[in-house]
Amino acid sequence: MNAASNPAMRSLLFVPGDRADMIAKVPRWKPDAVVVDLEDAVAGADKDSARSVAVAAIARVSHPLVFLRVNAAGTPWHLADLAAAARAGVAGIALPKVERPEDLDAAQRSGLSIIGGLETARGVANARAMCEQPNVVAVYFGAEDFIADMGGRRTRGGLEVVFARSEVCLAARLAGVPAIDQAVVSVHDEAAFTADAEQGRALGYQGKITLHPVQVTLAHRVFTPSEQEVTHARAVLAQKTGVGVVDGQMVDDVHRKMAGQTLARWQQGDQR
């Protein structure tokens with residue numbers, strides 16, 4: 001697997017690694033990609049048993065993009081998690097709290113594709129270097145862990161993470177890998193999720209972490225261009241050169257570039 005050969009992940013659904021019942025239900029929810037989580041979702045005392053549960057459950061799931069979220073480099077479970085991921089035949093791993101190139105050493109030796117988690121102050125500060133590491137096929141921004149590391153607090157407006165959120169997206173763009181936006185932990189607040197996803201898309205994120213099946217549906221709605229957007233993009237591209245006016249708006253080469261991106265994103269979503 002590599003970044004160029006896979007479509008953007010509009011939804012990255014996290015499910016607990018010790019919940020075989022939830023892992024089994026993943027195909028019915030139709031996320032673009034799945035992360036079976038052995039890190040935050042599993043207590044320390046249950047890590048070893050959860051690893052066995054996850055590997056067995058993954059083997060029974062029919063989905064093209066299943067990733068195993070391993071415990072971070074330097075933890076007692078990291079190497080065993082990597083070995084389990086290799087046995088499970090997953091598309092790759094999600095590696096949390098990456099901060100330095102050496103945090104990826106063992107994962108890179110395994111040959112597994114990596115979704116890197118940029119969710120600490122140091123990780124965000126080193127985002128460009130992390131995105132450029134071998135085998136990194138996508139990154140995600142983890143706002144909750146980032147603010148905990150900063151000693152700040154989360155607010156509904158999210159102003160406290162605007163810089164970090166933008167920095168991760170910029171670093172991913174420069175490295176040519178997809179950037180997956182932060183989670184919305186109010187899993188039943190559809191309006192909050194939609195508004196946050198719209199902000200992420202406006203920044204340039206290609207998809208979003210989802211924690212609930214409803215959020216999967218909402219993420220696909222936000223990150224797939226609407227019929228109106230597609231119609232407008234086609235009209236813009238019909239203006240071949242120079243400056244023109246479409247739907248009352250001036251368009252030139254930069255708008256034609258954005259229109260092409262809109263159609264490419266729509267085609268990726270339409271194929272799912």
Side-chain angles (χ1 to χ4, degrees), residues 1-15 17 23 26-27 30-41 51 54-55 57-75 77-119 123 126-142 168-169 171-181 183 205-210 216 219 223 268 271-272:
M1 173 185 164
N2 57 65
S5 64
N6 285 276
M9 291 175 269
R10 299 167 299 174
S11 59
L12 188 62
L13 177 63
F14 279 59
V15 294
I23 298 170
V26 160
K30 300 180 180 180
D32 284 349
V34 183
V35 172
V36 176
D37 188 6
L38 295 178
E39 196 220 12
D40 286 342
R51 187 185 305 118
V55 169
I58 288 169
R60 296 190 293 268
V61 172
S62 176
H63 192 287
L65 286 180
V66 177
F67 295 83
L68 187 66
R69 189 190 198 196
V70 301
N71 286 278
T75 65
W77 313 283
H78 181 63
L79 295 180
D81 288 348
L82 292 177
R87 291 197 308 273
V90 291
I93 62 167
L95 183 59
K97 301 179 179 65
V98 294
E99 297 184 332
R100 309 170 183 84
E102 52 265 35
D103 292 340
L104 287 83
D105 284 351
Q108 287 171 347
R109 286 194 297 270
S110 74
L112 294 163
S113 295
I114 301 166
I115 299 177
L118 299 173
E119 44 194 333
N126 291 335
R128 296 189 188 186
M130 297 299 95
C131 291
E132 293 171 353
Q133 292 302 304
N135 294 352
V136 171
V137 296
V139 294
Y140 67 85
F141 173 56
V168 169
C169 195
R173 178 67 183 89
L174 292 174
V177 298
I180 311 301
D181 195 22
Y205 279 93
Q206 296 185 29
K208 196 160 184 66
I209 292 172
T210 57
V216 171
F223 287 96
Q268 287 177 334
Q271 292 169 1
R272 290 297 181 114

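Of all the heavy atoms in Leu68 and Ala54, the pair that sits closest is CD1-CB, 4.2 Å. Scanning both residues, Phe67 and Ala33, for their nearest heavy atoms gives CE1-CB, 4.3 Å. Contact between Glu39 and Asp37 at its shortest, heavy atoms only, is N-OD1, 2.7 Å.
Rounding to the nearest 0.5 Å places CD of Gln206 at 8.5 Å from CZ of Arg173. Expressed to the nearest 0.5 Å, how far CD1 of Ile58 lies from CZ of Arg87 amounts to 10.5 Å.
Formation of a donor-acceptor pair under 3.5 Å by the His78 side chain with backbone atoms of Ala107 is not found in this model. A donor-acceptor pair under 3.5 Å is formed between the side chain of Gln108 and the backbone N or O of Pro134. Side-chain N or O atoms of Asn71 include one that pairs as donor or acceptor with a backbone N or O of Leu38 at under 3.5 Å. Asn126 places no side-chain N or O within 3.5 Å of a backbone atom of Gly123 that could act as its donor or acceptor partner. Between the Ser110 side chain and the Leu112 main chain, a donor and an acceptor come within less than 3.5 Å of each other.
Residue Leu12 is tested with Ile115, Val34, Thr210 for a side chain to side chain contact (heavy atoms under 4.5 Å, CB included); the sole match is Ile115. Applying side chain to side chain contact (heavy atoms under 4.5 Å, CB included) to Val70 and the options Asp81, Thr75, Val36 leaves one that passes, Asp81.
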_Derivation and outcome, side-chain contact (heavy atoms from CB on, under 4.5 Å), residues Met130 and Val139_ = CA-CA 9 Å; Met130 297 299 95; Val139 294; 5.8 Å; no
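One finds a salt bridge joining Arg69 and Glu119 here, because a Lys/Arg side-chain nitrogen approaches an Asp/Glu carboxylate oxygen to under 4.0 Å.
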